[in-house]
Amino acid sequence: MDWLWQLDREAYRLIHVEWRQDWLNRLMVAITTTGLGWVQAIALIPFLWLQTTRRAAIAVFVAGAGAGLLRILLVRLIDRQRPSNFAWSTPLEDFFGHTSFPSGHTTTTFGIAFMLLLLCRETSRAWVGWLALVWACLVATSRIVVGVHYPTDVLGAAMLGCVAACLSWLVFERKGWLPA
């Protein structure tokens, strides 16, 4: 597994140090902010008020929140040091310590995006799910550029978010809570 650690570290260095551009930093910080749970919750509030989108908004919220809770359990078990602790790293956020795997921003974002993809598939609004998935990929990339996660942190988080969305979908489907 040493080869995976080396690959992860070198990929982080390539993205965070070698490819990072000053003009892009503000955009990456703005994108990464959309991965915060409270920002996501505020964005969902208008959809909770509308009768036509309420069931979908609740499903999306549950997928994102469920993904976040699963992430909290995993991060306590795994205890991986963040790459922002490297002397050569120049993070744009003050996150240090041992809470690197999986990325919380990426986990909740993929939970939300994948639930939207499931809800909108085979409808005239399928583009919403695909657009949400692009957003999730941008948030994941921003976490590396900002300097607080390794590539495997965001890949694992993306998978965890998708699993949480699938589990939420199954529960909602079984209970008959999905929107028509």
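None of the values given here were measured: they were computed from a predicted structure.
Put simply, CD on E93 and NE2 on H149 are 8.0 Å apart, with the number rounded to the nearest 0.5 Å. One distance of note links NE2 of H16 with CG of L14; it measures 12.0 Å at 0.5 Å rounding. L48 CG to T53 OG1: the interatomic distance, rounded to the nearest 0.5 Å, is 7.5 Å. If you take CH2 on W130 and SG on C120, they are separated by 11.5 Å, rounding to the nearest 0.5 Å. Note that the CH2 atom of W169 and the CZ atom of R174 stand 15.5 Å from one another [nearest 0.5 Å]. Here the CZ atom belonging to F114 is positioned 5.0 Å from the CG atom belonging to L118, to the nearest 0.5 angstrom.
Aromatic ring orientation, Y12 versus W88: tilted (interplanar angle from 30° to 60°).
By the criterion of side-chain heavy atoms lying less than 4.5 angstrom apart, applied directly or through intervening Ile, Leu, Val, Met, Phe, Trp or Tyr residues, F110 is grouped together with V134 in one hydrophobic cluster. In terms of hydrophobic clustering, with Ile, Leu, Val, Met, Phe, Trp and Tyr side chains grouped at heavy-atom distances under 4.5 Å, L50 and M115 are assigned to different clusters. L133 and L44 fall within the same hydrophobic cluster, defined by Ile, Leu, Val, Met, Phe, Trp and Tyr side-chain heavy atoms under 4.5 Å apart, directly or through other members. Tracing side-chain contacts under 4.5 Å through hydrophobic residues (I, L, V, M, F, W, Y), one never reaches L160 starting from L69; they form parts of separate clusters. L36 and I42 fall within the same hydrophobic cluster, where Ile, Leu, Val, Met, Phe, Trp and Tyr residues are linked whenever their side-chain heavy atoms come under 4.5 Å apart, directly or through other members.
In this structure, T109 and A136 approach most closely via the heavy-atom pair CG2-CA, 3.3 Å. Here the shortest heavy-atom pairing between P151 and I15 reads CG-CD1, 4.5 Å. Of all heavy-atom pairs spanning S84 and G147, the tightest one is CB-O, 3.3 Å. Across all their heavy atoms, S168 and A63 have their closest contact at OG-CA, 3.5 Å. Taking every heavy atom of both residues into account, V29 and T33 meet most closely at O-OG1, 2.8 Å. T107 and G68 make their closest contact through CG2-N, 4.4 Å (heavy atoms, listed as atom of the first residue, atom of the second, distance).
L167 shares a hydrophobic cluster with V163; the chain of contacts runs through ILVMFWY side chains whose heavy atoms sit under 4.5 Å apart.
Other residues, nucleotides and ligands place no more than 12 heavy atoms under 6.0 Å from the CZ atom of F47. Counting heavy atoms of neighbouring residues, nucleotides and ligands inside a 6.0 Å radius, atom CZ of R54 exceeds 12 of them. By the neighbour-count criterion of 12 heavy atoms within 6.0 Å, atom CH2 of W177 is sparsely surrounded, having that number or fewer from other residues, nucleotides or ligands.
Between the side chains of R9 and Q6, no donor-acceptor pair is found at a separation under 3.5 Å. A donor-acceptor pair shorter than 3.5 Å cannot be found between the side chains of R82 and H98.
Between the side chain of T108 and the backbone N or O of G104, at least one donor-acceptor pair lies under 3.5 Å. With R71 contributing its side chain and P102 its backbone, the two residues share a donor-acceptor pair below 3.5 Å.
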For this session: Kindly determine whether W5 and T152 satisfy side-chain contact (heavy atoms from CB on, under 4.5 Å), including the steps that lead there.
Result: CA-CA 9 Å; W5 162 244; T152 54; over 6 Å; no

Problem set entry | Full working for side-chain contact (heavy atoms from CB on, under 4.5 Å) between R76 and I72 | CA-CA 6 Å; R76 290 174 188 248; I72 289 170; 3.6 Å; yes

Exercise. Passes side-chain contact (heavy atoms from CB on, under 4.5 Å), V145 versus L24? Steps please.
Worked result: CA-CA 9 Å; V145 172; L24 198 56; 5.5 Å; no

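Of the candidates T106, T32, D153, R143 forms a side chain to side chain donor-acceptor pair (under 3.5 Å) with just one, namely T32.
Annotation: cation-pi pair R80/Y150 present, NZ/CZ under 6.0 Å from the ring centroid and within 45° of its normal.
No side-chain heavy atom of H105 sits less than 4.5 Å from a side-chain heavy atom of V146.
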